[in-house]
Amino acid sequence: MLLTPSFFDRPVLDVCPDLLGKFLVTKQGAWMITEVEAYDWVDDLASHARHGKTDRNAPMFWEPWRRYVYLVYGMYWMLNIVTGPGEHPSAILLRWVESLAGPGKLTKHLEISKKYNGQLADKKTWLWIEDRGVIVKKNQIACLPRIGIDYAGEWAKKEWRFLIKKYSI
DNA sequence: ACGATGATGAAC
DNA sequence: TTCATCATCGTA
């Protein structure tokens, strides 16, 4: 079952645990999502939205269910899905899917780049998220600090990286 | 353990 | 104009 805007039009910290166990689907196949990170609003010092809207981060300020794809360190594409509530500038970084360990490897393997930025995560553009009936219980989920954002002060300590314990290293 | 990678945007 | 960044891979 395709996940639609109502799933994503909620606070990002509520959507994150619900995304674990869902499937990322492309022309190449379907992969179960096993690790994600939340970036919440403009006062989260780790979020690209922290300095307001720019050319790069504009999709974060649009409505939920859009994709936010950007290049990091001049090398790797990062795939995010925008969440709510409403046009609250928040997004979820997809870090791992089953057998593809790492946000940069994930996008490289699935050939996800700039051309996927800003669009709705629907079937027209061949990159969407499905519920395939996998149930992930709360006690199977671990919450840890986010990766690569040590500069973010108090925000760096927030345990906004969600993963299925079974798939952690 | 560390440098290279090289787009984007903030700080200077 | 310079510097840091939501990562990964070579080389040591």
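Naming convention: chains lettered A, B, ... in sequence-line order (proteins, then strands); numbering from 1 in each chain. Since the model is a prediction, treat every value here as computed from it, not as a measurement.
Taking atom P in both dA4(C) and dG3(B), the straight-line distance is 14 Å, to the nearest Å. dT5(B) sits 15 Å from dA12(C) when the P atoms are compared, rounded to a whole Å. Here the separation of dT5(C) from dC12(B), taken at their P atoms, is 13 Å to the nearest Å. dT11(C) and dG6(B) have their P atoms separated by 16 Å, given to the nearest Å. The gap from the C1' atom of dT8(C) to that of dG9(B) amounts to 22 Å, rounded to the nearest Å. Nucleotides dA11(B) and dC6(C) are separated by 14 Å at their P atoms, to the nearest Å.
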Determine which bases of DNA chain C form Watson-Crick or G-U wobble pairs with both distances under 3.5 Å, and write the result as a 5' to 3' dot-bracket string with | for other-strand partners. |||||.|||||.
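The residue from N80(A), L127(A), N117(A) that alone fulfils the side-chain contact (heavy atoms from CB on, under 4.5 Å) condition with V69(A) is N117(A). For the side-chain contact (heavy atoms from CB on, under 4.5 Å) with V97(A), the lone residue among V36(A), L24(A), T34(A), L79(A) that qualifies is L24(A).
Spacing between atom OH of Y73(A) and atom P of dC6(C) amounts to 5 Å, rounded to whole angstrom units. If you measure from atom CH2 of W41(A) to atom P of dC6(C), you get 20 Å, rounded to the nearest angstrom. Rounded to whole angstrom, the span from the CG atom of D44(A) across to the C1' atom of dT5(C) amounts to 15 Å. Spacing between atom CD of E35(A) and atom C1' of dA7(C) amounts to 13 Å, rounded to whole angstrom units. The separation between W96(A) atom CH2 and dT8(C) atom P is 10 Å, rounded to whole Å. In this structure, N57(A) places its CG atom 8 Å from P of dA10(B), rounding to the nearest Å. Rounding to whole angstrom units, CG of residue L106(A) and C1' of dA7(C) are separated by 13 Å. In this entry the distance linking CH2 of W77(A) with C1' of dC6(C) reads 14 Å, nearest Å.
Look at E37(A) and R95(A) and you find a salt bridge, because one of the NZ, NE, NH1 or NH2 atoms lies within 4.0 Å of a carboxylate O, short of that distance.
Using a 4.0 Å heavy-atom criterion, one finds that L71(A) contacts the sugar-phosphate atoms exclusively. At a threshold of 4.0 angstrom between heavy atoms, the contacts of R146(A) with the nucleic acid are absent. Among the protein residues, K105(A) comes within range of the sugar-phosphate backbone only, with heavy atoms under 4.0 Å from sugar or phosphate atoms but none that close to a base.
Side-chain polar atoms of W65(A) and E63(A) form no donor-acceptor pair below 3.5 angstrom. Judged purely by distance below 3.5 Å, without hydrogens or angles, the side chains of H88(A) and D40(A) pair a donor atom with an acceptor atom.
Close to dA10(B), at under 4.0 Å from its OP1 or OP2, lies no side-chain N or O of H51(A). Residue R95(A) places at least one side-chain N or O closer than 4.0 Å to OP1 or OP2 of dA7(C).
For the pair M75(A) and K114(A), nearest-nucleotide mapping onto DNA chain B gives the more 5' position to M75(A).
Between dT5(B), dT8(B), dT5(C), one nucleotide has an atom nearer to the side chain of R56(A) than all others, and that is dT8(B). Considering only the side chain of Y39(A), dC6(C) comes nearest among dT8(C), dC6(C), dG9(B). Of the candidate nucleotides dC6(C), dA10(B), dA7(C), dA10(B) has the atom nearest to the side chain of T54(A).
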Verdict with reasoning, Y68(A) to R56(A), per side-chain contact (heavy atoms from CB on, under 4.5 Å): CA-CA 9 Å; Y68(A) 171 39; R56(A) 178 173 67 164; 3.7 Å; yes
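Under the ring-ring contact (aromatic ring centres under 6.0 Å, His included) criterion, Y116(A) pairs with no residue at all, not counting sequence neighbours. H109(A) pairs by the side chain to side chain contact (heavy atoms under 4.5 Å, CB included) definition with Q28(A), W31(A), L100(A), not counting sequence neighbours.
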